[in-house]
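Only one structure is covered here, and it is reproduced in the block below.
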Number of protein chains: 2
Amino acid sequence: MSEAGPRAERRPTRQRAALTDELAGTAEFRSAQDIHASLSASGTRVGLATVYRNLQAMAADGEVDVIRTTEGEAVYRACASEQHHHHVVCRGCGLTVEVTGDAVERWAEAVARDHGFSQVRHTLEIDGLCAGCGVRDPR
Amino acid sequence: MSEAGPRAERRPTRQRAALTDELAGTAEFRSAQDIHASLSASGTRVGLATVYRNLQAMAADGEVDVIRTTEGEAVYRACASEQHHHHVVCRGCGLTVEVTGDAVERWAEAVARDHGFSQVRHTLEIDGLCAGCGVRDPR
DNA sequence: TGCGCAATGAGAACCGTTGTCAAACGCGCG
DNA sequence: CGCGCGTTTGACAACGGTTCTCATTGCGCA
Ligand SMILES: [Zn+2]
Ligand SMILES: [Zn+2]
Ligand SMILES: [Zn+2]
Ligand SMILES: [Zn+2]
């Protein structure tokens, strides 16, 4: 998901670099607090506010994807593709795979237009239990 | 969206009735606080916690739909259909239309299974500017 | 090296939502 | 009709994630 945003010229800082590294290190969607804790744990001192600010900026620029957990918490992830795509997330372990589907994109656009809507956007997330988690946890 | 839930036998109360009425009165997705304010304004005294509790219960039972705004706030709406469906919401005025699309449902299920996922679920929301809002507000 | 301004950090403030717990109430039942 | 019990309510405190404030730091540039 997420439309690519305009790449702003932000001043490079130690903190931002650390954040980028941290994000590059994991494949799951993580909360700002989680990321902040992780950085702190590894000895990198970065303010929580800074984490939030950068994450938002990066998200706006399309450098990272953001999705809201059902509890409303924002979780971030540095995606492989910066083009529009969606995710299939494992509820058990967080494993995430990026997927695209022109058919869906077109359907959303069409159904909206059919109802007279313009400037159409959409959010779509899929979740389930990955092969590994599905075995021993058929919740 | 939302899977239909088990219809629990909840004790009928004045508050719940008022809530149901209020929901029946509007077609847009509204926040718990908004609904609570509306009730208070119309002279119906209902505790905020009660509004939250009932809204959640009703959502669990599939009586109302809930979606998260991009800011993370939960908004509720009494939908015409209790079957699985999605929404096209106007960013300008909140006008909401319910839509269904087997193609999308199947796509989501298929793409997830292709990646080894089971217990697949999904959330999909579409937004844009309705015919009316699209004219004078091409934001 | 000195300036100007963006970026940062510590903590307070916000705000939607949930928890607490005593009081009020719906519902059989005698 | 009054009683007892378990559910629901309501006022308010507590929470947790996110944003704001503002003094301080430190890039980028001349
Ligand atoms: Zn898994
Ligand atoms: Zn899409
Ligand atoms: Zn509109
Ligand atoms: Zn669906």
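Lettering of chains follows the sequences in order, A, B, ..., and the numbering in each one begins at 1.
Between the side chains of A:H122 and B:D127, no donor-acceptor pair is found at a separation under 3.5 Å.
Of all heavy-atom pairs between A:V66 and A:A74, the closest is CG1-CB, 4.0 Å. In terms of heavy-atom proximity, B:V120 sits nearest to B:A108 at CG1-O, 4.2 Å. In terms of heavy atoms, A:R30 sits closest to A:T26 at NH1-OG1, 3.2 Å.
Using a 4.0 Å cut-off on heavy atoms, the residues of residues 24-52 of chain A that approach DNA chain C are A:R45, A:V46, A:G47, A:A49, A:T50, listed by number.
For the OP1/OP2 pair of C:dT8 and a distance below 4.0 Å, the side-chain nitrogens and oxygens of A:T13 include at least one atom meeting the criterion.
Taking only distance into account, the side chain of B:R68 never meets the base of C:dG16 through a donor-acceptor pair shorter than 3.5 Å. Counting atom types as modelled, B:R53 pairs a side-chain N or O with a base atom of D:dG10 as donor and acceptor under 3.5 Å.
Between the side chain of B:R68 and the backbone N or O of A:T70, at least one donor-acceptor pair lies under 3.5 Å. Looking at B:E98, its side chain never comes within 3.5 Å of a backbone N or O of B:C79 through a donor-acceptor pair. One N or O on the side chain of A:T96 and one on the backbone of A:G94 form a donor-acceptor pair closer than 3.5 Å.
In this structure, B:N54 atom CG and C:dT17 atom C1' are separated by 15 Å, rounded to whole Å. Look at CD on A:E73: it is 14 Å from C1' on C:dT17, rounded to the nearest Å. For the pair B:Q56 CD and D:dT9 P, the interatomic distance rounds to 12 Å; values are reported in whole Å. Across the protein-nucleic acid pair, A:L19 atom CG and C:dA7 atom P stand 14 Å apart, rounded to whole Å.
Taking only side-chain atoms of B:Q15, from C-beta outward, the nucleotide of C:dT17, D:dT9, D:dT21 with the closest atom is D:dT9. Taking only side-chain atoms of B:R11, from C-beta outward, the nucleotide of C:dT17, C:dG9, D:dT7 with the closest atom is D:dT7.
Under the side chain to side chain contact (heavy atoms under 4.5 Å, CB included) rule, B:L19 has a single partner from B:V46, B:L55, B:T13, which is B:L55.
Under the rule for a side-chain contact (heavy atoms from CB on, under 4.5 Å), the partners of B:Q33 that lie at least two apart in sequence or sit in another chain are B:S31, B:L48, B:Y52.
In the helix from C:dT1-D:dA30 to C:dG30-D:dC1, the rotation axis of the first five pairs and that of the last five pairs differ in direction by 30°, rounded to 10 degrees.
Remark on DNA chain C: of its neighbouring residues B:V75 and B:P12, the 5'-side contact belongs to B:V75, judged by nearest-heavy-atom nucleotide.
Residue A:E71 is out of contact with every strand shown, counting any heavy-atom pair closer than 4.0 Å.
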